[in-house]
Amino acid sequence: MSQHQFSEQVLAFANASSLDELPEVVDVERAAPVNPPEKTQMKFVGRSYAEAYEEAESFVTVVDDFAVKHGPGRFADLSRIVDFGAGWGRITRTLLTKVAPTQILALDVDPEMTALLNVSLPGVNALTISPQPPSVLGQGAVDAAVAFSVFSHLSGPAHEAWAAEFGRVIAPGGIVAITVLDASFFATVAGAQEAVRVDNAKGFAENLATTFPDIEAAQRGYANGEIQYAGSGGGEIRTGDYYGWAVAPPSYIERVWGAAGFTVVEWIPSGTVVSQAVVVMVRGPHAASPTTVARTLARRVGPLLRRELRRGVGAGRRLAGTWARRKQG
């Protein structure tokens with residue numbers, strides 16, 4: 001009687017170690033999930049542990065409130081929420097204080113990060129996506145989406161492509177909350193450039209100083225409603241052709257997301273709730289017409305843009321003065 005011959009791969013699978021028990025679905029009310037290494041936290045968000053989670057909590061809390069005010073209702077009552085550009089999962093973890101893991105889709109371009117989420121947050125649906133849409137999500141399949149510090153790094157073409165994709169996958173009446181860099185970022189870059197000029201810059205400041213060599217030109221483009229993008233890249237996957245520093249004026253957001261079917265209902269300047277500006281949008285039943293978008297821009301964006309530019313210029317002057325005083329000292 002002949003003995004069946006197994007392939008080497010079958011034997012390798014069969015001889016691998018076995019789990020003692022199945023992993024339990026994450027329950028943050030029972031036990032806080034394990035954190036990634038601190039260097040991973042710092043790499044993605046520039047903060048770690050309490051400081052990283054504090055910002056995430058502020059963002060999720062205010063968006064949840066706006067979902068009640070403008071959108072489909074509390075996160076807890078929704079069927080599907082997307083954490084777009086989830087990274088190591090600080091926003092996903094914070095969402096778990098409000099919703100069940102099966103309600104969350106955590107999307108990222110980095111397979112190491114989605115693997116981390118699937119291991120550290122069992123039960124959450126973590127999916128690896130391509131840098132450019134389309135995604136695998138169905139039309140109108142999502143009730144809400146959040147994207148913290150994602151669109152603040154996307155080039156114009158990437159931003160516009162994903163805005164259109166969100167217009168496809170978000171259900172009518174659904175809500176999207178993103179963060180963007182606003183006019184105050186120019187002041188931050190100007191401060192870094194001044195630090196380099198007086199030989200008082202290190203690491204991050206040195207890199208940031210190269211972002212917009214001509215600050216005035218970037219500010220003019222911003223005032224004209226054009227996204228200002230400087231490709232820097234962020235590793236092998238986040239390449240500079242689509243990933244870097246992106247400063248998006250309100251008129252650009254209104255135009256791009258309006259064409260995708262969204263109406264901007266809240267714009268919170270950077271430094272108010274979190275370090276970046278928070279933009280909340282609601283999906284309408286149809287894509288907005290160009291006439292509707294133009295009227296919305298004239299009514300809403302003009303006063304806001306003027307305030308932002310005054311704020312950015314004033315902050316830039318204050319930073320320049322600070323660097324000059326340090327040099328003199």
Rounded distance (nearest 0.5 Å) linking atom [atom1] of [X] with atom [atom2] of [Y]:
X	Y	atom1	atom2	value
I268	F59	CD1	CZ	9.5 Å
S270	L181	OG	CG	8.0 Å
T92	I104	OG1	CD1	5.5 Å
F262	I178	CZ	CD1	10.0 Å
M42	S48	CE	OG	5.5 Å
K98	Q103	NZ	CD	12.5 Å

If I compare all heavy atoms of [X] with all of [Y], which pair ends up nearest, and what's the gap?
X	Y	result
P172	P285	CB-CA, 4.3 Å
A277	D182	CB-OD2, 3.7 Å
F44	G87	CD2-CA, 4.5 Å
P111	T128	CA-OG1, 3.7 Å
R80	V142	O-CG1, 3.7 Å
G240	Y229	O-OH, 2.8 Å

In sequence, state the C-alpha distance, the side-chain angles, and the governing distance for L96 and V124, and then conclude on side-chain contact (heavy atoms from CB on, under 4.5 Å).
-> CA-CA 9 Å; L96 286 170; V124 169; 4.1 Å; yes

Taking [X] for the side chain and [Y] for the main chain, is one N or O donor matched with an acceptor at less than 3.5 Å?
X	Y	value
D77	G73	no
D143	S79	yes
N224	R220	yes
Q193	A209	yes
T61	S58	no

Please say which of E57, E51, E55 ends up in a salt bridge (Lys or Arg N to Asp or Glu O under 4.0 Å) with R90.
-> E55

Quick check: is [Y] connected to [X] through a chain of hydrophobic side chains (ILVMFWY, heavy atoms under 4.5 Å apart)?
X	Y	result
V109	L137	yes
I91	F66	yes
L117	M113	no
V279	V169	yes
W88	I237	no

Determine whether [X] and [Y] make a side-chain contact, defined as any pair of heavy atoms from C-beta on separated by less than 4.5 Å.
X	Y	answer
N35	Q41	yes
L78	V99	no
T272	V278	no
L105	L127	yes
I81	F75	yes
E254	T263	no
I175	M281	no

Would you check, one step at a time, whether the test salt bridge (Lys or Arg N to Asp or Glu O under 4.0 Å) holds for K69 with E266?
-> CA-CA 10 Å; K69 181 179 178 182; E266 300 284 349; 3.3 Å; yes

Could you give me the CA-CA distance, side-chain angles and deciding distance for V60 and L95, then say whether side-chain contact (heavy atoms from CB on, under 4.5 Å) is met?
-> CA-CA 7 Å; V60 169; L95 285 171; 3.9 Å; yes

Take W245 and F186 through the ring-ring contact (aromatic ring centres under 6.0 Å, His included) test and state the conclusion after the steps.
-> CA-CA 11 Å; W245 296 101; F186 295 127; over 10 Å; no

Does the pair R93/D83 count as a salt bridge with the N-to-O cut at 4.0 Å?
-> no

Between E54 and R47, is there a side-chain N and carboxylate O pair less than 4.0 Å apart?
-> no

Modelled atom types, side-chain donor and acceptor of T114 and D108, under 3.5 Å = no

For K43, look at atom NZ and say whether over 12 heavy atoms of other residues, nucleotides or ligands are found less than 6.0 Å away.
-> no

Expected list for residues 18-29: side-chain donor-acceptor pairs under 3.5 angstrom, two or more places apart:
| from | atom 1 | to | atom 2 | distance (Å) |
| --- | --- | --- | --- | --- |
| E24 | OE1 | R30 | NH2 | 3.0 |
| D27 | OD1 | E29 | N | 3.1 |

Going through the distances and angles, do V264 and V280 end up as a side-chain contact (heavy atoms from CB on, under 4.5 Å)?
-> CA-CA 6 Å; V264 175; V280 181; over 6 Å; no

Only distances under 3.5 Å count here; give the side-chain donor-acceptor pairs of residues 148-167 to other protein atoms, sequence neighbours excluded, each with its distance to 0.1 Å.
| from | atom 1 | to | atom 2 | distance (Å) |
| --- | --- | --- | --- | --- |
| S149 | OG | H153 | NE2 | 3.3 |
| S149 | OG | Q276 | NE2 | 3.1 |
| S152 | OG | Q276 | OE1 | 3.0 |
| S152 | OG | Q276 | NE2 | 3.4 |
| H153 | ND1 | G244 | O | 2.7 |
| S155 | OG | A158 | N | 3.4 |
| H159 | NE2 | W257 | NE1 | 2.9 |
| E160 | OE2 | Y252 | OH | 2.6 |
| W162 | NE1 | P131 | O | 2.8 |
| E165 | OE1 | R168 | NE | 3.0 |
| E165 | OE2 | S135 | N | 2.9 |
| E165 | OE2 | S135 | OG | 2.7 |
| E165 | OE2 | R168 | NH2 | 2.7 |

